[in-house]
Each structure stands twice: as C-alpha cells, then as structure tokens.
Amino acid sequence: MDRTSSRTSGDPEKHESSISEASASANPSPALLLDPAMQKKVWRKMDLWIIPVVTMFYLLSFLDRSNIGNARVAGLQKDLHMTNKQYSIALTVTYVPYIAAELPSNLVLKIVGPNWLLPTMLTLWGIVTALQGVVTTYEGLLACRFFLGLFEGGVFPGLVLYLSFFYPRLMLQWRVSAFFSAASISGAFSGLLAYGIVNMDGVGGRRGWEWIFILEGVFTVAFGLVSFFLLPRSPAHAHFLTKEEKEYVHAVLKEDGATGKSEADDNHSWTEVIKAFKLPQVWILSVTLFFDGTILFGLAYFAPSIVQGLGYTANRAQLMTVPPFAVAFGLAMVGAYVSDRYRCRGYITMFGSLLCVIGFAMFLGSNRQRVRYGSLFFSIPGTYLVAPTLSTWNANNAAPYTRRATAIAIGFIFTNSGGILATWLLGNLSPGPAYKLATRVLLSFSALMVATAALNTWYLWNENKKKAVIRGKITRDQEKPGLGDRSAWFEYAL
C-alpha cells in the first residue's frame, strides 16, 4: 500500500476516496474510480448483498455449537445420565476435528470456491445439529459433536478470508464485526429461543432440550440450501455489480495489497504457507487469540449455567443471559467503527481485555448475586469486542492470499484450542457455582491479552518505521518482487 492510502483519514468515505485515487494512478483507465457516487454505491451494494449472508452463517454456526449449554440447563445432562466430566468430553470432541479442519479448509477455499464450500458445510452441520435432538445415549451425542466440529471447522476462518476478497484492509473490521456480532446475537437469541422452545416439552413425546436441537438444526439446513444461490464466488462473479464496479473493486484491492500484484501472486503456494508460520505478528496474535478463545467459549458454553448458579431457575437463567450478550453486540459494533476510523486495532484489543479484567475481578471478589451477575456485563462484552478485532488484525497484516489464508487459520486454531481448555476449566476442573479456579485463570488470561496486544502494537509500529526508511532509499520498482506483507510499501495495520 502506498503512502497516499496509508495516511488516509479514518472516515470511511474519505478512506474509500483516497484508495480509489491511488488505484486510479496505478490503473488510470477507469475514470469511474474518482467518482464519489461510484464509491458509495459499490460498498453499499457489497454490504447489502454480502454482509447479511455471512452474518447468518456465523449466527447459525455459533448458535448450533453453543446451544448445548442451553440444552444442558433444560435437562440434557440429566436425561443422558452424564457427569460433568462427560459433558466436558462432549465439548472437547467438537473441537478436535474443528481445529484439524481449519487450515485445510482455508487453503482449498479459493480452489473449490467459497460459493460451494461454505454452503455445503452449513447444510451438513445443520443436519448434524438436528440429529442431536434424537440421540438417546451419551455415545450418540459424542458422534454428533464430532461431526458438528468437522463440518463447522472452516466457517469462521473461511468467512474472514472470504470478506478479504471483497473489502480493503482498513474497511474490514466493521464488516468482520458485523458478522461476528452474530455470536453475541446468538448468545442473546439462544437464551430467548431456548426459553420458548423448552415450553414444547412433551410435544411429540420429546423433551424440550431435544426440540432446541431439532428446530434450530432444521432452520440451518433450510438456510444452507438457500445460500447456494446467495454467495458470489468473488467480486468478479458478483451478479449485483456492473462491469465497471467489478473493475473498481479489483483495482482498489490490488493497490491495497489484499491481492497480489499479479494473478500468480495469489495462487496457492506451499512456500507462502511456510512463510506465514514465520511471521512474528501471527504468533503474537495467536497467543492472544488462545487467551480470548478460552474466555469466549467459556462464557458461550457456560453462561446459562453460571447464571443458574446465582440462584435463578432454569427458565429464568435462559432469559437472564440475554442482556449481557445484547450489550456485547452494541459494544462490538461501536468498537469496530472506532477501530476502522482511527486505525487502532491494538488499543481496542487492550480496552476490551481490560473490561474482561474488571468483570472477572468482580466475579472473583464478591459473593453477592447482583455483583456477580453485573460482572457479566464487563466480561462478555469485553471478549466479544476483542475477538473480531484480533481476527481482523490478523487478516490485515499478512499477504498475499495463501499467506493470509494460513495466518487466519493459525489464529483460529489457537482460538479453538482455548475453547478446549474452557470446556474443562468450567465443566470439570472448576465446577460451579463459584468457578474459583476458572475465574482466576480467565482473569490472568485477560491481563495477558493486554500485554500481548501492546507487544504486537509495538512490533508492528517498529516494523513500519523500518519500512519508511527503505521507501526513502529505493523506488517501488527496485524492490524485490513477491515480498507480500514484507514489502516496504505494505504498511502494517496497528
């Protein structure tokens, strides 16, 4: 990315304008690149056609993976005669194939086509979700959780990578947060939905928790089939864009560094996979994502149980989980806007992490019901603010395509490894209602997120200083080709 685009104001419209000016200079033939009306129209079209679909994808993914927490409160564990240890094993079984699928899925996404791969995964995990509603044994639940993880494994890294096909780097977090906010929405929606569905207890001879799985799974399958007709493969295949608009998007992304300087740069390469594993920023953020993944999935799976442990009835606990997740949605969207506008991924991560520190300190330091419930309004919004920020930050600072796809997958492997730890921390090693050991660990992880985010911010800032010196000594044409994000003209997002 050249100096014109790197110094862009955070205002989205100004940013789009500066990018288009740089693109026009690189490829001056399309006069439309300097047209403000064109800029607004293109990004508005993209937001209207792409974001709602990927948002629904992630909402259903998170809902279908975490609704076991609502089913547990509604009687799943009791009816299948499961111990706390067995419940943790069931959650862990989900993550093993989930983690294994993330990197291969991202590497083949462009080859198979996201318009085929993502809807196929969605449809298959919807079938598995529904089947959880007919299991009668613990072993049957384990089988379902395994295949649920296998089919869902590539969805989140795949969606982040997919959005990077359509949007330049400094416009990406708001869009990632828009679909990741579906996770917080699913947390709120899951509680409301479970509250209504459990009242179907006895209908058709089935328990309320069984209907949670069946109804949510059937809806996922239906949307999965429809989504085959909704997702374009790339901007070049987007039926809602005109030829001129497609050329505009392609020029913007190429100048931004989201695509390679040539088609060959964006082809699959095992060399680029290896280079992704050598990026310091990828490993710093992966460690941070491990911490956040532990917190995120711990709260996603156990929030209903935590609230029930405060003395609320099972049905009341389902409803009481809604407000903290609703606040998380609002904060994530505000944080995304600030992060994109002021280019401050690191500071937003640190702020969200501090909210988690406050929340877990409140829960650990008080036995009062109101204080402990109030702590969820810090810890849940904090972690749901950090997660999309980290995901975008990771995607922003790796190029070309294969290196970026690998970096994203590495980050999510660590995130979901944190999910495995969370299932044991809160499920067996530190049982409720106090969750003392778990709270201490999560408090420590929150503090470490502040430190690692600060370290990554400093590292990227220092690298940008070195690149500025190089730009003063050589021209862009003199630089060795194929450097990707290591290019002096690729400025890291802070």
Side-chain angles (χ1 to χ4, degrees), residues 1 98-107 109-110 153-154 156-165 169-170 172-173 176 180 256-260 265-266 268-294 296 339 343 345-346 348-350 353 386-419 445 448-464 466-467 482-488 490-494:
M1 187 171 68
Y98 195 105
I99 291 171
E102 288 180 308
L103 180 55
S105 176
N106 252 24
L107 292 179
L109 184 74
K110 196 171 186 179
F156 195 6
L159 290 175
V160 173
L161 183 60
Y162 179 67
L163 286 184
S164 73
F165 294 174
R169 292 185 296 149
L170 294 183
L172 192 58
Q173 185 175 339
V176 171
F180 186 83
D256 180 62
T259 63
D265 291 337
D266 280 334
H268 175 74
S269 166
W270 286 110
T271 301
E272 290 298 337
V273 173
I274 295 171
K275 286 181 179 179
F277 278 91
K278 296 180 179 180
L279 294 176
Q281 67 266 28
V282 169
W283 290 106
I284 296 171
L285 285 184
S286 293
V287 171
T288 315
L289 282 162
F290 172 78
F291 297 146
D292 188 59
T294 306
L296 177 72
S339 179
R343 304 179 64 195
R345 313 271 193 245
I348 293 297
T349 300
M350 286 182 264
S353 302
V386 169
T389 307
L390 289 176
S391 302
T392 307
W393 206 7
N394 195 23
N396 279 170
N397 292 324
Y401 167 78
T402 300
R403 203 183 303 179
R404 185 169 68 253
T406 306
I408 293 170
I410 293 171
F412 285 113
I413 287 171
F414 274 78
T415 301
N416 290 295
S417 298
F445 281 8
L448 287 171
M449 285 198 300
V450 178
T452 52
L455 174 62
N456 195 54
T457 302
W458 173 83
Y459 171 76
L460 295 174
W461 172 80
N462 192 54
E463 288 298 300
N464 282 344
K466 295 177 182 177
K467 291 184 178 190
L483 292 177
D485 58 81
R486 289 300 195 183
S487 166
F490 185 105
E491 293 194 38
Y492 291 122
L494 304 181

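Basis for what follows: all heavy atoms, side chains included, without hydrogens, waters or symmetry-related copies.
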For a 4.5 angstrom cut-off between non-hydrogen side-chain atoms, does E272 reach Y401? no
Quick check: F290 with F414 (ring centres under 6.0 Å apart)? no
Just verifying a value: how many Å separate R486 CZ and Y492 OH, rounded to the nearest 0.5 Å? 4.5 Å
State, with a plain yes or no, whether a side-chain heavy atom of N456 is found less than 4.5 Å away from one of T288. no
CD1 (I408) and CG (L103) are apart, to the nearest 0.5 Å, by 11.5 Å
Please name the pair of heavy atoms, one in N394 and one in G411, separated by the smallest distance, quoted to 0.1 Å. ND2-CA, 4.0 Å
Determine whether S353 and M350 make a side-chain contact, defined as any pair of heavy atoms from C-beta on separated by less than 4.5 Å. no
Do R345 and S339 have a side chain donor and acceptor closer than 3.5 Å? yes
Partners of T294 by side chain to side chain donor-acceptor pair (under 3.5 Å), sequence neighbours excluded? none
State, yes or no, whether a side-chain contact exists between L494 and R343 at a heavy-atom distance under 4.5 Å. no
Considering only heavy atoms from C-beta outward, does the side chain of E102 approach that of F156 to under 4.5 Å? no
Looking at side-chain heavy atoms only, is the closest gap between W393 and T457 below 4.5 Å? yes
Please name the pair of heavy atoms, one in A387 and one in L296, separated by the smallest distance, quoted to 0.1 Å. CB-CD2, 4.4 Å
Distance-minimising heavy-atom pair for A398 and A407: CB-CB, 3.8 Å
Does a side-chain heavy-atom distance below 4.5 Å link L107 with T406? yes
Taking all atoms of both residues into account, what is the closest heavy-atom pair of G346 and A453, and its distance? O-CB, 4.2 Å
So, do Y98 and F412 sit near enough that their side-chain heavy atoms are less than 4.5 Å apart? no
List the atom of L172, the atom of A395, and the distance in Å for their closest heavy-atom pair. CD2-CB, 4.2 Å
Separation between CH2 of W461 and NZ of K466, rounded to the nearest 0.5 Å: 11.0 Å
Taking every heavy atom of W283 against every heavy atom of F277, the minimum-distance pair comes out as NE1-O, 2.5 Å
Please lay out, stage by stage, how V273 and T402 fare under the test side-chain contact (heavy atoms from CB on, under 4.5 Å). CA-CA 6 Å; V273 173; T402 300; 3.6 Å; yes
OG (S391) and CG (L161) are apart, to the nearest 0.5 Å, by 12.5 Å
Quick one: do M449 and T349 satisfy side-chain contact (heavy atoms from CB on, under 4.5 Å)? Show the steps, please. CA-CA 8 Å; M449 285 198 300; T349 300; 5.5 Å; no
Separation of K275 NZ from D485 CG (nearest 0.5 Å): 9.5 Å
With distance as the sole test, does S487 use its side chain to make a donor-acceptor pair with the main-chain N or O of L483 at under 3.5 Å? no
Distance in Å, L289 CG paired with L390 CG, rounded so as to fall on 0.5 Å steps: 4.5 Å
